[in-house]
There are 2 protein chains.
Amino acid sequence: MIAKVKPINQVACKDCILSTLCLPIALKVEDIDTLDSIIKRGKPLRKGEHLFFQGDTFSSIYAVRSGALKTYTTTDDGVEQITGFQLPSELVGLSGIDDEHYPVSAQAVETTMVCEIPFERLDELASTLPELRRKLMQIMSKEIREDQQMMLLLSKKNADERIATFLLNLAARFRRRGFSSQAFRLPMSRNEMGNYLGLAVETVSRVFTRFQKNGLIDANGKEVLIKDSMTICSLAGGKPVNQANDSLTG
Amino acid sequence: MIAKVKPINQVACKDCILSTLCLPIALKVEDIDTLDSIIKRGKPLRKGEHLFFQGDTFSSIYAVRSGALKTYTTTDDGVEQITGFQLPSELVGLSGIDDEHYPVSAQAVETTMVCEIPFERLDELASTLPELRRKLMQIMSKEIREDQQMMLLLSKKNADERIATFLLNLAARFRRRGFSSQAFRLPMSRNEMGNYLGLAVETVSRVFTRFQKNGLIDANGKEVLIKDSMTICSLAGGKPVNQANDSLTG
DNA sequence: CGTGCAGTTGATAAAGATCAAACACGGTGG
DNA sequence: CCACCGTGTTTGATCTTTATCAACTGCACG
């Protein structure tokens with residue numbers, strides 16, 4: 001784990017390994033430099049530190065560079081709902097554009113570095129760089145699509161299906177970033193997972209245990225190994241392989 | 001109900017009563033005409049007709065002019081989840097921008113007229129009209145915010161709170177459009193409401209009956225009268241007025 | 001070597017789904 | 001004009017899932 005890495009937080013967009021996933025995608029080289037020039041790079045956030053709080057004045061969106069964030073809303077009576085986890089190259093803060101204030105809080109779930117992108121500047125840039133404008137709209141459109149898939153999950157899927165969907169989603173995101181989609185480390189706690197998926201911690205724990213007992217995964221704390229992705233897939237997508245339910249998850 | 005109205009479907013943006021709610025907001029008069037020039041106005045959709053289907057090639061976004069739409073996703077195994085209802089001045093299709101295809105189907109829940117806005121043209125226009133670009137981003141940002149509030153509802157609220165939240169949300173949207181927020185007609189069926197809110201039809205029906213019994217509302221089919229908006233508010237926002245739970249909803 | 005928190009496991013309870021049946025009503029055809 | 005039908009809605013009885021409560025485990029950290 002410990003290796004001589006160059007200070008990742010100072011890497012420019014054009015040298016960043018995430019550039020093909022992040023905002024710079026589809027930009028010309030010289031345009032990437034322009035984008036780069038407006039980005040501020042701060043010091044790392046330690047686990048538990050906040051990037052911003054719900055109600056803070058909106059001014060910037062952020063790209064995760066390393067680590068992971070969560071965003072969550074809090075109701076008046078203190079109920080919290082995690083609305084998403086952000087991995088490297090993903091943006092956070094987009095839901096604040098419409099308002100003066102962020103409608104969510106953003107907190108590091110592990111040590112995390114971010115690139116701050118002042119929105120005013122980004123917006124100016126978007127007027128001269130059509131590709132950037134399009135990319136921004138695509139990212140927001142994708143977020144809408146994913147949030148709506150989340151509505152489907154929360155409204156129609158049972159505990160097994162929720163966990164299966166969640167694991168596959170993470171796996172796919174890790175793969176895109178060049179990591180294994182079979183074996184990975186969950187950045188969040190069982191509690192956070194449960195909160196996000198609309199399940200009690202105990203239920204999350206039980207499903208993990210059951211999945212393991214039935215040979216779908218190997219889980220050791222936050223380390224997860226996907227052993228039977230076929231079955232997990234079919235769970236996540238609904239119940240197309242219904243006859244497998246008993247022997248595999250029951 | 002039957003009155004001599006001019007053919008609403010042919011009204012130009014600048015003469016449309018919705019112009020202060022819809023995309024033209026914040027545009028200069030001459031810019032509104034430009035926007036107007038790219039908009040196509042089709043014939044009305046009857047209840048049940050589709051505007052587009054999940055998987056159709058994305059080409060346009062639509063603004064509802066009269067009536068109401070619903071959007072829904074379908075999983076491989078046929079489970080449907082309604083992801084939203086769109087009232088006049090609201091846009092539909094934004095989740096298709098990122099992909100080649102619409103990720104949802106859009107269907108009229110009552111007789112509905114829409115304005116079609118070819119996205120390519122809109123995107124071109126956005127490059128020359130900064131206000132339009134901003135407005136578009138704001139609308140998408142708002143959609144993200146609302147979808148995330150919906151995640152909170154589906155994950156953390158009970159049946160009473162879901163219905164209360166839903167009624168208040170509709171009421172606010174009607175008010176913005178100049179209609180009464182106390183008395184209105186639900187455009188959707190109990191079934192659609194339940195599907196959207198993650199509840200069985202029977203549960204929706206029972207909550208309506210109970211709300212009525214407790215004097216919170218008067219409901220007659222789709223006609224609803226909000227009688228005790230204070231209590232409904234407190235239900236929707238969580239449980240700040242806890243001592244009222246027994247006598248009012250129990 | 002405690003102390004504390006995250007995670008697991010078991011027992012019980014509650015909310016809402018499901019199943020079943022009656023009802024309302026708007027439209028159709030005799 | 002009225003009986004009939006189908007769909008949407010309501011109501012009641014029962015069942016299932018998962019939340020909740022409680023206790024225990026184990027690992028990390030001071």
Side-chain angles (χ1 to χ4, degrees), chain A residues 1 46-48 70 79-82 109-111 153-164 166 185-214 217-224 235 239 245-246 249-250, chain B residues 1 46-48 70 79-82 107 109-111 153-166 185-214 217-224 235 239 245-246 249-250:
Chain A
M1 275 301 164
R46 276 164 305 177
K47 178 175 175 171
K70 70 175 180 193
V79 176
E80 284 185 13
Q81 173 65 37
I82 294 175
V109 296
E110 57 187 24
T111 303
L153 178 145
L154 292 170
S155 176
K156 300 285 183 296
K157 295 186 182 181
N158 65 27
D160 283 9
E161 293 164 350
R162 291 182 198 199
I163 302 275
F166 183 68
R185 181 186 164 77
L186 300 167
M188 72 293 292
S189 69
R190 298 280 191 274
N191 219 315
E192 290 168 325
M193 211 185 306
N195 181 293
Y196 179 57
L197 296 173
L199 298 171
V201 207
E202 294 94 327
T203 306
V204 174
S205 183
R206 280 184 247 269
V207 173
F208 266 75
T209 305
R210 189 144 30 84
F211 276 9
Q212 181 143 7
K213 211 173 288 175
N214 293 322
I217 63 170
D218 249 335
N220 189 344
K222 302 200 159 155
E223 300 293 337
V224 174
L235 271 173
K239 307 179 182 92
N245 265 1
D246 270 349
T249 73
Chain B
M1 275 302 162
R46 275 163 308 177
K47 177 175 177 171
K70 69 176 179 192
V79 176
E80 284 185 13
Q81 172 66 37
I82 294 175
Q107 186 181 21
V109 296
E110 56 187 27
T111 304
L153 178 145
L154 292 170
S155 175
K156 300 284 183 295
K157 294 186 181 180
N158 64 28
D160 284 8
E161 293 165 350
R162 291 182 198 199
I163 303 275
T165 306
F166 182 70
R185 181 186 164 78
L186 301 167
M188 72 292 294
S189 69
R190 298 282 191 271
N191 218 317
E192 291 168 323
M193 211 184 308
N195 181 295
Y196 179 58
L197 296 174
L199 298 171
V201 208
E202 294 94 328
T203 305
V204 174
S205 182
R206 280 184 247 270
V207 173
F208 266 76
T209 305
R210 189 144 31 83
F211 276 8
Q212 181 144 8
K213 210 173 289 174
N214 293 322
I217 62 170
D218 249 335
N220 190 347
K222 302 202 156 138
E223 300 292 338
V224 174
L235 271 173
K239 307 181 181 87
N245 265 2
D246 270 350
T249 74

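Each chain gets a letter, A, B and so on, in the order its sequence line appears, and its residues count up from 1. The structure presented is a predicted model; accordingly, all values stated were derived computationally and were not measured.
For the residue pair Gln107(B) and Gly48(B), the shortest heavy atom distance occurs at NE2-O, 2.8 Å. Heavy atoms only, all atoms of each residue included: Ala219(A) and Phe208(A) are closest at CB-CD2, 3.8 Å. In terms of heavy atoms, Val204(B) sits closest to Arg190(B) at CG1-CD, 3.8 Å. The heavy-atom pair separating Phe166(A) from Met193(A) by the smallest distance is CE2-CG, 3.3 Å. In this structure, Lys156(B) and Glu161(B) approach most closely via the heavy-atom pair O-OE1, 4.2 Å. Summarising the geometry of Gly198(A) relative to Leu154(A), their closest heavy-atom pair is N-CD2, 3.9 Å, with the distance given to 0.1 Å.
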**Request:** Take nucleotides 23-30 of chain D nucleotide by nucleotide from the 5' end and write B, S or -, depending on whether a protein heavy atom sits under 4.0 Å from the base, only from the sugar-phosphate, or from neither.
**Result:** --------
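Atom CZ in Phe211(A) sits roughly 14 Å away from atom P in dT8(C) (whole-Å rounding). We find that CE of Met188(A) is positioned 16 Å from C1' of dG7(C), with the value rounded to whole Å. Between the CG atom of Asn158(A) and the C1' atom of dT16(D) there is a distance of 12 Å, given to the nearest Å. Rounded to a whole Å, the NZ atom of Lys156(B) is 12 Å from the C1' atom of dA19(D). Taking atom CZ on Arg210(A) and atom P on dT17(D), their separation rounds to 10 Å, with Å as the unit. Remark: P of dG26(C) and NZ of Lys47(B) are 12 Å apart, rounded to the nearest angstrom. Taking atom NZ on Lys157(B) and atom P on dA15(C), their separation rounds to 18 Å, with Å as the unit. A straight line from CE of Met193(B) to P of dT9(D) spans 8 Å, rounded to a whole angstrom.
Ser205(B) comes within 4.0 angstrom of a base, heavy atoms only.
Residues Gln81(A) and Asn195(A) form a side-chain contact, since some pair of their non-hydrogen atoms from C-beta on lies under 4.5 Å apart.
Listed for the Gln212(A) side chain is no donor-acceptor partner under 3.5 Å among the backbone atoms of Thr209(A).
One axis for each end of the helix from dC1(C)-dG30(D) to dG30(C)-dC1(D), each built from five base pairs, and the angle between them comes to 30° at 10° resolution.
For DNA chain C, the neighbouring residues in residues 195-204 of chain A, judged by any heavy atom under 4.0 Å, are Glu202(A).
For the pair Arg206(A) and dT18(D), the criterion of a side-chain N or O lying under 4.0 Å from OP1 or OP2 is not met.
In this structure, Glu223(B) pairs ionically with Arg185(B), as a charged nitrogen and a carboxylate oxygen lie closer than 4.0 Å.
Rounding to the nearest 0.5 Å gives a distance of 4.5 Å between CG of Asp160(B) and CZ of Arg210(B). A distance of 7.5 Å separates CG of Leu197(B) from CZ of Arg162(B), quoted to the nearest 0.5 Å.
The side chain of Ala159(B) sits closest to dG16(C) out of dT8(C), dG16(C), dT9(D).
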